[in-house]
Amino acid sequence: MLHQTMRWYGPNDIVSLMDIRQAGCAGVVTALHQIPVGEVWTTEEILKRKALIEAAGMTWTVIESLPVHEDIKKRNGNYKLYIDNYKTSLENLANCGLKVVTYNFMPILDWLRTDVAYELPDKSKALYFEFDKFMVFDLYLLKRPGAEKEYAQADLERAKNKFNEMTEAEKLYVFQNCLLGLPGSNESFTAEQILAALKTYEGIDKQQLKENLFSFLREVVPVAAANGLQMAIHPDDPPYSVLGLPRIVSNETDLSEIINCIDSPANGLCFCTGSLGARPDNDVIGMIEKFGERIHFLHLRNTKRYDNGNFFEADHLDGDTDMYEVMKKVVQLMRKRNISIPMRPDHGHQMLDDLNKTTYPGYSAIGRLKGLAELRGLEHGISKSL
Ligand code: DNO
């Protein structure tokens, strides 16, 4: 069976550990969000967090994320120090008995949505990425220098029409959503901060960023392997370039290159069906087959794609990714490898009582509980019938 978990943002999360346990989870996915990116995670802090989770009757199954400092992604500034710190954090995590470490290599921004409260017909709320609104943000609100050169003429026309039809309140809303900070923080970037950060990526193209990732992996994967840890890279979300930034973990070719860069079981994937599934040219089911041996953690989530790269987060069993086929492959994979892979229902709709609460976008309790229950039932049925 899958090892069922949910993400917990730590003691400040209004979703409690007991909520997570009541949802049926055996494990928790969390990170020490209070430690600034790049600093060492000390054994003391790791053990404190671990004890909290264990006192609630669960295990700390996956670290999500041990974040990678921007200097490492750019391979400049203090990157050597930050890589050393990363290695020390890995050793400390292993000494505390942890096993799976998720990270990503998205420049500046993690995941991105233009609407974090997109109302569905039943009045629940979902996350939505609308490409036209994103162009409005980029071209008219952020006013990124040179942005217009990166879009096709037809896109520019649509962005202009969209800008003209949006109210001031809608513009502000999109602006705020696109500037939301890292997961687990309540802070947002300012436009000035983003523009300044973008400048620091000038001259770093896709190939360069890939090389920087591979150099990072060549240093940290051996440390992970020696300490019995599994590294799991999370794909880009959305899985294509945004704000002119290179994105290098978006499709099958990217994943192959990453996996082949160091042939070690410690060099693995956080396989997110939601991120990868937002691209019509990604064969998500085929990718599970192809990369199965290196899948150390699963994010199960579904998206419904519209034209122009737009997508919203559908119910877990609905949307464009055939979750039945995904689950079948996963069950077969676990039997073949004779293991239980940790999974979490990634994101959920804001619904019922949660509509009156302020939660981290995508991480209210009830919608995720619903998604997890559906996925659990699906797995149960498939396991019995195979
Ligand atoms: C979004 C998450 C991502 C993920 C990181 C992993 O909800 O799946 O923010 O945690 O990209 O490093």
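Start at 1 and go down the list; that is how both ligands and their atoms are numbered.
Close approach to Y103 involves these atoms of ligand 1, each under 4.0 Å from a residue heavy atom: 12 (O). Less than 4.0 angstrom separates some heavy atom of N104 from each of these atoms of ligand 1: 5 (C), 6 (C), 11 (O), 12 (O). The atoms of ligand 1 that sit less than 4.0 Å from any heavy atom of E64 are 2 (C), 4 (C), 8 (O), 10 (O). Under a 4.0 Å criterion applied to the non-hydrogen atoms of H299, ligand 1 contributes the atoms 8 (O). Those atoms of ligand 1 that come under 4.0 Å of a heavy atom in S65, given as number and element, are 5 (C), 6 (C), 12 (O). If you number the atoms of ligand 1 from 1 as listed, the ones under 4.0 Å from a heavy atom of Y363 come out as 1 (C), 2 (C), 7 (O), 8 (O). Atoms of ligand 1 found under 4.0 Å from any heavy atom of R344 (numbered from 1 in listed order, with element): 2 (C), 8 (O). In summary, the atoms of ligand 1 found under 4.0 Å from a heavy atom of H347, numbered by their order in the structure, are 1 (C), 7 (O).
Side-chain contact, R279 with S250: no donor N or O sits under 3.5 Å from an acceptor N or O. A side-chain N or O of Q208 and one of N212 form a donor-acceptor pair less than 3.5 Å apart.
The option with the heavy atom closest to atom 3 (C) of ligand 1, from among I63, T102, D110, is D110. With distances taken over non-hydrogen atoms, the option nearest atom 8 (O) of ligand 1 out of E313, R113, H234, M106 is H234.
At least one donor-acceptor pair closer than 3.5 Å links the side chain of E170 to the backbone N or O of T167. Of the possible donor and acceptor atoms, none in the side chain of R218 sits under 3.5 Å from a partner among the backbone N and O of C261. Under the 3.5 Å distance criterion, the side-chain polar atoms of N302 are matched with a main-chain donor or acceptor of T321.
Below 30°, between 30° and 60°, or above 60°: for H347 and W111 the angle between ring planes is between 30° and 60°, a tilted geometry.
Remark: K171 is positioned above the aromatic ring of F163, its terminal NZ or CZ atom under 6.0 angstrom from the ring centre and at most 45 degrees off the axis.
The environment of K160 atom NZ is sparse: at most 12 non-hydrogen atoms of other residues, nucleotides or ligands sit within 6.0 angstrom.
By the criterion of a heavy-atom distance under 4.0 Å, the side chain of D346, and not its backbone, is placed next to ligand 1.
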